[in-house]
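Below is one structure, written out as structure tokens; comments come after it.
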Amino acid sequence: MPELPEVETIRRQLTAKIIGKTLEGKKIVKVRRRAKVLLVDFARGGSLAFHLKLTGQLIFNGQPSRATRKVFNFDDGSRLIFNDARKFGWVKKLKDTKFLEEKFGPEALDIKLGTFTARLARRPNAKIKPLLMDQKFIAGIGNIYSDEILFAAKVHPARRVKTLSRREVKNIFQNIKKILKKAIEHHGSSVKSYVDACGRRGDFVKYHKVYQREGEKCGRCGGVIKRIKIGGRSAHFCGQCQI
DNA sequence: TCAAATGTTTGATC
DNA sequence: GGATCAAACATTTG
């Protein structure tokens, strides 16, 4: 799944649907997100934690299918379906979620420019795309949005951090916020299997400028969109205007 | 049949 | 410690 915008979409929808319901005798008081982990908090402590990895789905009042791994039944007869075709995802009960604070870096939507710049300065030799996807460096960005952010900032995904100008750093920073927020407004990107908590597909794919658009013409400069491997993942970028 | 896929972890190597 | 890469997890899709 599901990068920050997709998990955040599900978080918001579940907040509206399941707060106040009771699950296995425990009242739900909050639905939170930390990095790409979704947390359902109970009144007397403890949480249910979900990670959807690549193909996980959480559908409120969905119908079970072959991909269904778990069904959570609420006291009022409604339910939450956890699907995951590839079985990489997980759900677990946590007594304490404090460790999640240190497990991940600052939230992408919360980080300040000064913090972002200071953290970059500690990793001068890292390539920018894998660094943006490093959850310990900054939390919430994955393969789709790192490509889109770097396209918007006109920065090549393999650029070393130490070669970035202050202006480029600011540009990347501003586009992290801008693109993630816009993607949330569109309920995320349904490239393949992702659907939101209502079982609907996200709309943001039509705004992708480079992700999975190899061979197409760049909408900004007319160059050709390329795909290369960086850190074992596909990186999509315009070979002409991303320097 | 082969390649690639929204994520993360682990181990090897320089 | 950093950086890079391959492999692993299990399955679907083109």
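Per chain, numbering begins at 1; letters A, B, ... match sequence-line order. Just so it is clear, the structure is predicted and the values come from calculations on it, not from any experiment.
Residue A:N125 places no side-chain N or O under 4.0 Å from the OP1 or OP2 atom of C:dG2. Residue A:K129 has no polar side-chain atom (N or O) positioned under 4.0 Å from OP1 or OP2 of C:dA3. OP1 or OP2 of B:dA5 sits under 4.0 Å from a side-chain N or O of A:S234.
Near DNA chain B, meaning a heavy atom under 4.0 Å from it, residues 152-166 of chain A has no residue at all. Residues of residues 198-211 of chain A that place a heavy atom closer than 4.0 Å to DNA chain B, in numerical order, are A:Y211.
Taking the side chain of A:Q212 as heavy atoms from C-beta on, and the options B:dT6, C:dA3, B:dT8, the nearest nucleotide is B:dT6. Looking at the side chain of A:H51, the nearest of the listed nucleotides B:dT8, B:dT6, B:dA5 is B:dT8. Side-chain proximity of A:K103 to B:dA5, B:dG7, B:dT9: nearest is B:dT9.
Annotation: cation-pi geometry not satisfied between A:K209 and A:F151 (NZ/CZ under 6.0 angstrom from ring centroid, within 45° of ring axis). Figure legend: A:R119 and A:F137 shown as a cation-pi pair, the cationic atom lying under 6.0 angstrom from the six-membered ring centre and within 45 degrees of its axis.
Among pairs with a residue in residues 57-81 of chain A, those fulfilling ring pair (Phe, Tyr, Trp, His ring centres under 6.0 Å) read A:F50-A:F72, at least two apart in sequence or across chains. Here ring pair (Phe, Tyr, Trp, His ring centres under 6.0 Å) pairs that include residues 214-243 of chain A, with residues two or more places apart or in two chains, are A:H156-A:F237, A:Y211-A:H236.
Rounded to a whole angstrom, the distance from the P atom of C:dC5 to that of B:dA4 is 16 Å. On the P atoms, C:dA7 is 16 Å away from B:dC2, given to the nearest whole Å. Rounded to whole Å, the separation between the C1' atoms of C:dC9 and B:dT1 comes to 22 Å.
In this entry the distance linking CD1 of A:I141 with P of B:dT8 reads 12 Å, nearest Å. Atom CZ in A:R233 sits roughly 9 Å away from atom P in B:dT8 (whole-Å rounding). Across the protein-nucleic acid pair, A:L120 atom CG and C:dG2 atom P stand 14 Å apart, rounded to whole Å. Taking atom CD on A:Q57 and atom C1' on B:dG7, their separation rounds to 16 Å, with Å as the unit. Between the CZ atom of A:R123 and the P atom of C:dT4 there is a distance of 9 Å, given to the nearest Å. We find that CD1 of A:I179 is positioned 16 Å from C1' of B:dT6, with the value rounded to whole Å. If you measure from atom CZ of A:R33 to atom P of B:dT6, you get 19 Å, rounded to the nearest angstrom. Whole-Å rounding puts the A:I230 CD1 to C:dT4 P distance at 10 Å.
With values rounded to the nearest 0.5 angstrom, A:R123 atom CZ is found 10.5 Å from A:I128 atom CD1.
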Check: What string of B, S and - do you get for nucleotides 8-14 of chain C, 5' to 3', when a contact is any protein heavy atom under 4.0 Å?
Finding: -BBBS--
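A:R32 and A:T97 are linked by a side-chain donor-acceptor pair at a separation below 3.5 angstrom, with hydrogens and angles left out of the test. Residues A:Y145 and A:E6 bring a donor and an acceptor atom of their side chains to less than 3.5 Å of each other.
Between the side chain of A:T55 and the main chain of A:R86, a donor-acceptor pair closer than 3.5 Å is present. For the pair A:Q242 (side chain) and A:K154 (backbone), a donor-acceptor distance under 3.5 Å is absent. Using a distance-only test at 3.5 Å, with no hydrogens or angles considered, no donor-acceptor pair links the side chain of A:R11 to the main chain of A:L38. In terms of modelled atom types and a separation under 3.5 Å, the side chain of A:K226 and the main chain of A:E214 share no donor-acceptor contact.
Within 6.0 Å of atom NZ in A:K182, more than 12 heavy atoms from other residues, nucleotides or ligands are found, so the atom counts as buried in its surroundings.
Ring planes of A:W90 and A:H51: tilted class, angle from 30 to 60°.
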Item checked: Verdict with reasoning, A:K181 to A:E185, per salt bridge (Lys or Arg N to Asp or Glu O under 4.0 Å) -> CA-CA 6 Å; A:K181 283 179 187 167; A:E185 285 172 24; over 6 Å; no
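DNA chain C contains the following stems of three or more consecutive Watson-Crick or G-U pairs, with both distances under 3.5 Å: B:2-5 with C:11-14, B:7-14 with C:2-9.
Heavy atoms of A:R122 sit nowhere under 4.0 angstrom from any nucleic acid atom. Residue contacts for A:G232: at a heavy-atom cut-off of 4.0 Å it reaches no nucleic acid atom on any strand shown. Using a 4.0 Å heavy-atom cutoff across all strands shown, A:A126 reaches sugar-phosphate atoms only and no base atom.
The minimum heavy-atom distance between A:D76 and A:S78, with the atom names listed, is OD1-OG, 2.6 Å.
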